[in-house]
Amino acid sequence: MMGPLLPLLMIVLIGAAFWAGRMSVGGSTPTVAAAAAPRELAERDAFIEQLRELAWQHRDVSPELSTIILDEITTHHRRLSGPDA
């Protein structure tokens, strides 16, 4: 029953992860990024971790989408923990 909806859910989650990543890197105005509270950042990080777990758990349903999600999250974390971290 959930099978046909899972690829659609994965696409929505990819979009949400992409948006969250862009916002954390500075895709919005600097005042919004600077005003982010530690609690909001912790919630965002928890959401991204939840997306990672969801993609990993359902990798057998849609391996391509799961790979894209996991690669995007990994790339984002590597950018944040670059050479100056």
Side-chain angles (χ1 to χ4, degrees):
M1 180 179 266
M2 182 68 177
L5 294 178
L6 196 55
L8 179 61
L9 176 64
M10 295 292 281
I11 290 171
V12 170
L13 292 176
I14 289 171
F18 181 76
W19 178 80
R22 289 291 180 198
M23 293 299 111
S24 68
V25 176
S28 64
T29 60
T31 56
V32 172
R39 184 176 136 244
E40 292 170 337
L41 293 176
E43 288 176 358
R44 183 209 60 205
D45 290 343
F47 175 71
I48 291 172
E49 186 60 32
Q50 183 180 8
L51 288 177
R52 180 188 304 199
E53 288 298 317
L54 183 67
W56 182 253
Q57 291 170 357
H58 296 290
R59 66 191 180 279
D60 57 329
V61 175
S62 182
E64 296 86 9
L65 288 175
S66 293
T67 301
I68 291 169
I69 292 172
L70 294 169
D71 286 347
E72 283 294 319
I73 292 171
T74 302
T75 300
H76 175 73
H77 282 293
R78 283 186 187 150
R79 261 189 256 141
L80 287 179
S81 62
D84 53 9

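- Taking 4.5 Å as the limit, some side-chain heavy atom of Arg44 sits within range of a side-chain heavy atom of Ile48.
- The stretch residues 51-61 participates, sequence neighbours left out, in these side chain to side chain donor-acceptor pair (under 3.5 Å) pairs: Arg52-His77.
- Between Glu43 and Arg39 there is a salt bridge, since a side-chain N of the basic residue sits under 4.0 Å from a carboxylate O of the acidic one.
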For residues 63-75, tabulate all N or O donor-acceptor pairs below 3.5 Å that involve a side-chain atom, not counting sequence neighbours.
residue	atom	partner	partner atom	Å
Ser66	OG	Ala55	O	3.0
Ser66	OG	Ser62	O	3.1
Thr67	OG1	Pro63	O	2.7
Thr74	OG1	Leu70	O	2.8
Thr75	OG1	Asp71	O	2.8

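- Applying the side-chain contact (heavy atoms from CB on, under 4.5 Å) test to Gln50 and every residue at least two apart in sequence or in another chain returns Phe47.
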